Amino acid sequence: MAGFAGYQNEIYLQGLAGTVPPFTTDPERLEESARERLEPGPFWYVAGAAGSGATARANREAFDRWRIVPRMLTDATTRHPGVSVLGTELPAPVLLAPIGVQSILHPDGELATARAAAELGVPFVLSTASSHTVEDVAEAAGDGPRWFQLYWPNDPDVCASILGRARRAGYRVLVVTLDTWALAWRPHDLDRAYLPFLRGVGTAIPFSDPAFRAGLAAPPEDDLPMAILRWVQLFTGVDKSWEQLPFLREHWDGPIVLKGVQHVDDARRAVDAGVQGVVVSNHGGRQVDGAVASLDVLPDIADAVGDRVEVLFDSGVRTGADVVKALALGARAVLLGRPFAYGLAHGGQGGVRHVLRGLLADFDLTLGLAGHRSPAELSREALRPR
């Protein structure tokens, strides 16, 4: 079996020699397995959600409200799952979402993730909250496609400096996260008083930045508490405005995508502001408890702006069927989050590769078995409400 679906046969053939996958291929069991491997602090920092967890649950429930309607005799033996997004050629409509502080899951952190993504040609979106610098992750990624996610600093000089470093290091697209200018009430983290940044973890990018370091009396390696205090002041507590977006354009000459869009009017304002894409996302349920599921608002946003900007999607993606449903409802591509982080916890680069190959194989098989040969053939006609 050619293409990504070939991973299925690879697993079965290895089974003839008595070899089974390094850990589960079941996305529902993957989280449970990661919980067994990780300390409670790191596990819940990834798995936890805002408040009661209602938004995270809603994200998954929204997928279950749609059903795929398979078509027969469509000559779907050979499939072409690739898409082009903002000038980046993707082998499939999947990117790895920006997840910070990955070193709490595995010592290699973002370096391992970047290498695994590059092996498969899947874009990795590096978080500002990385455990490693933009330059080191770029070196690990080699020729692999990479985007950069910005948590917008409150200091313009620091912001401009970080953006310049990312651009010089070969990151093509800027993904600006809008919904996390303050941390939500997250009981799992609060009950353990666990916030990695206050230990200097996930701060490699600002701590290595010359503009950030210029504002310190002593470098972070000599006075960590003061560096952390400056980090808190620069990266939390201040919401930005639409009027400030031109600043980013002044300091980034590539495509800009706004992440965290949940309302049609905000999507329209993004178009008016001249950005090139939006990510329909509620941060995986980590920011607003009781918020609308991202999939529930995706069709309206795609209808409103999908002919003018790229509409991407995250929040709740776990399976190949989820990818098919999101694409049929208007997304150009999806961002995969927690599952690859759990893979990282299981086995570093190899763990991320296993999870990603599994998702790509599942998507490839589901696409074909539903009667489609490429993502371009997917529309709402492929689905029915439950």
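All values reported here derive from a predicted model rather than from experimental measurement.
Cluster partners of W185, by chain and number: L190. The rule joins Ile, Leu, Val, Met, Phe, Trp and Tyr whenever side-chain heavy atoms lie under 4.5 Å apart. In the hydrophobic clustering, where aliphatic and aromatic side chains (Ile, Leu, Val, Met, Phe, Trp, Tyr) are joined below 4.5 Å either directly or transitively, L90 groups with V83, V85, L86, L95, V125, W147, V173, V175, V257, V279, L312, L335.
Under a cut-off of 6.0 angstrom, the local environment of CD in Q233 is crowded, with over 12 non-hydrogen atoms contributed by other residues, nucleotides or ligands. Atom CZ of R67 has more than 12 heavy atoms from other residues, nucleotides or ligands within 6.0 Å. Environment of CG in D222: crowded, with over 12 heavy atoms of neighbouring residues, nucleotides or ligands closer than 6.0 Å.
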Working note: L178 + V176, criterion side chain to side chain contact (heavy atoms under 4.5 Å, CB included); need CA distance, chi angles, decisive distance, verdict.
CA-CA 6 Å; L178 305 178; V176 186; 4.0 Å; yes

Determine, stepwise, if the pair V137 / T113 fulfils side chain to side chain contact (heavy atoms under 4.5 Å, CB included).
CA-CA 9 Å; V137 176; T113 300; over 6 Å; no

Could you walk me through whether F148 and I205 pass side chain to side chain contact (heavy atoms under 4.5 Å, CB included), step by step?
CA-CA 12 Å; F148 181 71; I205 292 175; 3.9 Å; yes

Side chain to side chain contact (heavy atoms under 4.5 Å, CB included), that's the test. Do D108 and Q349 meet it? Break it down for me.
CA-CA 8 Å; D108 291 343; Q349 179 180 345; over 6 Å; no

Walk me through whether S208 and R165 qualify under side-chain hydrogen bond (donor to acceptor under 3.5 Å, both in side chains).
CA-CA 11 Å; S208 62; R165 290 170 61 197; 2.8 Å; yes

Applying side-chain hydrogen bond (donor to acceptor under 3.5 Å, both in side chains), run through S131 and Q102 and close with a yes or a no.
CA-CA 6 Å; S131 311; Q102 292 184 27; over 6 Å; no

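Between the side chain of R338 and the main chain of G284, a donor-acceptor pair closer than 3.5 Å is present. For the pair N59 (side chain) and A293 (backbone), a donor-acceptor distance under 3.5 Å is absent. Checking side-chain atoms of T24 against main-chain N and O of R29 turns up no donor-acceptor pair under 3.5 Å. Counting only distance, with no hydrogens or angles, the side chain of R186 and the backbone of W44 share no donor-acceptor pair below 3.5 Å. Under the 3.5 Å distance criterion, the side-chain polar atoms of R332 are left unmatched by any main-chain donor or acceptor of P93. Between the side chain of R60 and the backbone N or O of G316 there is at least one donor-acceptor pair closer than 3.5 Å. A distance-only check finds no donor-acceptor pair linking the side chain of Q14 to the backbone of V20 [under 3.5 Å]. Counting only distance, with no hydrogens or angles, the side chain of R57 and the backbone of S52 share a donor-acceptor pair below 3.5 Å. Between the side chain of N282 and the backbone N or O of Q287 there is no donor-acceptor pair closer than 3.5 Å. Here the side chain of S374 pairs no donor or acceptor atom with the backbone of H80 at under 3.5 angstrom.
Linking Ile, Leu, Val, Met, Phe, Trp and Tyr residues whenever their side-chain heavy atoms come within less than 4.5 Å leaves I228 and V238 in two separate clusters. Under the 4.5 Å side-chain heavy-atom criterion for Ile, Leu, Val, Met, Phe, Trp and Tyr, L234 and W181 are members of distinct hydrophobic clusters. Cluster membership check: W242 shares its hydrophobic cluster with F247, using side-chain heavy-atom separations under 4.5 Å among Ile, Leu, Val, Met, Phe, Trp and Tyr. The hydrophobic cluster containing I162 also contains V201, counting ILVMFWY residues as joined when their side-chain heavy atoms lie under 4.5 angstrom apart, directly or transitively. Hydrophobic clustering places V232 together with L195 (ILVMFWY residues linked when any side-chain heavy atoms are closer than 4.5 Å, directly or through intermediates).
Atom CZ of F43 and atom CZ of R37 lie 13.0 Å apart (nearest 0.5 Å). Here CG of D364 is found 7.5 Å from CZ of F4. Values are rounded to the nearest 0.5 Å. The CG atom of L295 sits 11.0 Å away from atom CG of D64, with the distance rounded to the nearest 0.5 Å. Between I99 atom CD1 and L126 atom CG the span is 12.0 Å, to the nearest 0.5 Å. Here the CD-CG distance, from E31 to L38, works out to 11.0 Å after rounding to the nearest 0.5 Å. A distance of 12.0 Å separates CG in D26 from CZ in R318, rounded to the nearest 0.5 Å.
The shortest heavy-atom contact between L359 and T319 is CD1-C, 3.5 Å. Closest of all the heavy-atom pairs between A326 and F313 is CB-CD2, 4.0 Å. In this structure, G371 and A76 approach most closely via the heavy-atom pair C-CB, 4.3 Å. Residues L105 and P42 approach most closely at CD2-O, 4.3 Å, considering heavy atoms.
With sequence neighbours left out, P299 forms a side chain to side chain contact (heavy atoms under 4.5 Å, CB included) with L329, R380. A search for ring pair (Phe, Tyr, Trp, His ring centres under 6.0 Å) contacts involving H263 returns nothing, not counting sequence neighbours. Every ring pair (Phe, Tyr, Trp, His ring centres under 6.0 Å) that F197 has, sequence neighbours left out, goes to W231.
Checked by atom type, the side-chain pair Q276/R308 shows no donor-acceptor distance below 3.5 Å. Under 3.5 Å, the side chains of H283 and T180 contain a donor-acceptor pair of N or O atoms. For the residue pair Q262/S294, the side-chain donor-acceptor check at 3.5 Å is satisfied. In the model, S127 has a side-chain atom that pairs as donor or acceptor with a side-chain atom of Q149 under 3.5 Å. Side chains of D209 and S161: a donor on one and an acceptor on the other come within 3.5 Å. The closest side-chain donor-acceptor pair between S33 and H346 falls under 3.5 angstrom.
If you run ring-ring contact (aromatic ring centres under 6.0 Å, His included) between H354 and each of F340, F23, Y342, only F23 comes through. Results of the side-chain contact (heavy atoms from CB on, under 4.5 Å) test with D322 over L327, T366, V334, V317 single out V317 as the only residue that passes. Of the candidates D266, D179, D314, D314 is the only one forming a salt bridge (Lys or Arg N to Asp or Glu O under 4.0 Å) with K259.
For the pair R384 and W66, the NZ or CZ position fails the cation-pi test of under 6.0 Å to the six-membered ring centre and within 45 degrees of the ring normal. Taking the ring centre of F124 as origin, the terminal cationic atom of R146 falls outside the region bounded by 6.0 Å and 45° from the ring axis.
A salt bridge links R357 with E10: the closest approach of a Lys/Arg side-chain nitrogen to an acidic carboxylate oxygen falls below 4.0 angstrom. Under 4.0 Å is where a charged nitrogen must lie from a carboxylate oxygen, and between R353 and E119 at least one such pair does. A salt bridge links E377 with R373: the distance from a Lys NZ or Arg NE/NH1/NH2 to an Asp or Glu carboxylate oxygen falls below 4.0 Å.
Between F212 and F207, the ring center distance clears the sub-6.0 Å criterion.
For the side chain to side chain donor-acceptor pair (under 3.5 Å) condition, no pair includes a residue of residues 189-198, sequence neighbours left out.
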